[in-house]
Q: 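So that we are looking at the same thing, I have put the structure below in structure tokens.
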Amino acid sequence: MPDKIRGFSPVFDENSRVLILGSFPSVKSRRISFYYGNKQNRFWPMLERYFGESAGLDAAQRKAFVLRHGIALWDIVVACTIQGSADASIRDAELADLDEVLRAAPIRRILLNGGTAYSLFCRRYEDIPIPYQKLPSTSPANPRYREDAWSEALDLIFS
């Protein structure tokens, strides 16, 4: 059995109003040590269109972008064994302790980026008193991605 790989620390501050949870960082994300590092992933372009500004290209710029817009980022899996980037290969998952973020930030909604993030989240947090929503994965491997679903979910927080 391969060694467990650890994900990233959460990105949030006292102004974060929405928590976006992915499943676990892809190989390309792990290579750059920041969320949604695959250039084919639709996450950053989707947020840029929604907010009408560039998120930048490096981790520091992207971190500043999400914090400026009241967004917290994390993954529901903080450590696991995984083959490549395939969510289906996640084994021995350690799930995030969301209290770390929820105690410090006024999170009003949790958005789950894809089915794996949603199902793992529900395993532990199904009864959480914060509204949560499954959204189509922004992964380039997802042919059913719908940007309008993300826009509608973000409108519930930001409009």
Q: Say whether, by atom type as modelled, one donor and one acceptor occur between the side chain of Ser23 and the main chain of Ala117 under 3.5 angstrom.
A: no
Q: Counting N and O atoms only, with roles assigned by atom type, does the side chain of Arg109 sit under 3.5 Å from a partner on the main chain of Val18, one being a donor and the other an acceptor?
A: no
Q: Specify the closest pair of heavy atoms between Ala72 and Phe12, including all atoms of both residues, with the distance to one decimal.
A: CB-CB, 3.6 Å
Q: Can you check side chain to side chain contact (heavy atoms under 4.5 Å, CB included) on Tyr145 and Asn41, steps first, answer last?
A: CA-CA 11 Å; Tyr145 170 74; Asn41 193 298; over 6 Å; no
Q: Measuring only between side-chain heavy atoms, which start at C-beta, is Leu154 closer than 4.5 Å to His69?
A: no
Q: Taking the side chain from Trp74 and the backbone from Phe8, do they hold a donor-acceptor pair closer than 3.5 Å?
A: yes
Q: First locate atom CD1 of Ile20, then atom CD of Gln133, and finally report the distance between them rounded to the nearest 0.5 Å.
A: 11.0 Å
Q: Quick check for you: to the nearest 0.5 Å, what is the distance between Lys134 atom NZ and Cys122 atom SG?
A: 9.0 Å
Q: Please name the pair of heavy atoms, one in Leu156 and one in Arg108, separated by the smallest distance, quoted to 0.1 Å.
A: O-NH2, 4.4 Å
Q: Side-chain contact, heavy-atom cut-off 4.5 Å: Asn113 with Ser137?
A: yes
Q: Kindly work out whether a path of hydrophobic side-chain contacts (I/L/V/M/F/W/Y, heavy atoms less than 4.5 Å apart) joins Val27 to Phe43.
A: no
Q: Could you tell me whether Leu57 atom CG has more than 12 heavy atoms of other residues or ligands within 6.0 Å of it?
A: no
Q: Of all the heavy-atom pairs spanning Tyr35 and Leu73, show the shortest one and how long it is.
A: OH-O, 3.6 Å
Q: Of all the heavy-atom pairs spanning Arg42 and Ser139, show the shortest one and how long it is.
A: NH1-O, 2.6 Å
Q: Can you tell me how far OG of Ser54 sits from CG of Leu47, rounded to the nearest 0.5 angstrom?
A: 11.5 Å
Q: If only atom types and distance count, is the side chain of Trp150 paired as donor or acceptor with the main-chain N or O of Pro136 below 3.5 Å?
A: yes
Q: Measure the CD1-OG1 distance between Ile90 and Thr116 for me, rounded to the nearest 0.5 Å.
A: 6.0 Å
Q: Would the distance check show the side chain of Glu100 and the main-chain N or O of Asp97 forming a donor-acceptor pair, the cut-off being under 3.5 Å?
A: no
Q: Taking the side chain as everything from C-beta on, heavy atoms only, tell me whether Lys4 gets closer than 4.5 Å to Val78.
A: no
Q: Quick one: ring-ring contact (aromatic ring centres under 6.0 Å, His included) pairs with a partner in residues 96-140, sequence neighbours left out?
A: Phe121-Tyr125, Phe121-Tyr132
Q: Is it true that a side-chain atom of Ser89 and a backbone atom of Ile82 form a donor plus acceptor pair closer than 3.5 Å?
A: no
Q: Without swapping roles, check the side chain of Arg62 against the backbone of Gly56 for a donor-acceptor pair under 3.5 Å.
A: yes
Q: Do you know the tightest heavy-atom contact between Ile107 and Ser16?
A: CD1-O, 3.5 Å
Q: State whether the side chain of Tyr50 and the backbone N or O of Glu147 hold a donor-acceptor pair below 3.5 Å, judged by distance alone.
A: no
Q: Is there side-chain contact between Leu67 and Asn15, with heavy atoms separated by less than 4.5 Å?
A: no
Q: Hey, what do you get for CG (Leu135) to CG (Leu112), rounding to the nearest 0.5 Å?
A: 8.0 Å
Q: Does Arg124 use its side chain to pair, donor to acceptor, with the backbone of Leu95 at less than 3.5 Å?
A: yes
Q: For Thr81 and Arg91, indicate whether the former's side chain and the latter's backbone hold a donor-acceptor pair under 3.5 Å.
A: yes
Q: Could you tell me which residues satisfy side-chain contact (heavy atoms from CB on, under 4.5 Å) with Gln40, sequence neighbours excluded, listed by chain and number?
A: Asn38, Pro140
Q: For a 4.5 angstrom cut-off between non-hydrogen side-chain atoms, does Leu98 reach Leu21?
A: yes
Q: So which heavy atom on Ala79 is nearest to which on Val77, and how close?
A: O-CG1, 3.3 Å
Q: Does some side-chain heavy atom of Ile71 sit less than 4.5 Å from a side-chain heavy atom of Phe51?
A: yes
Q: Do Ile5 and Ile76 sit in the same hydrophobic cluster, where Ile, Leu, Val, Met, Phe, Trp and Tyr count as joined when their side-chain heavy atoms come under 4.5 Å apart?
A: yes
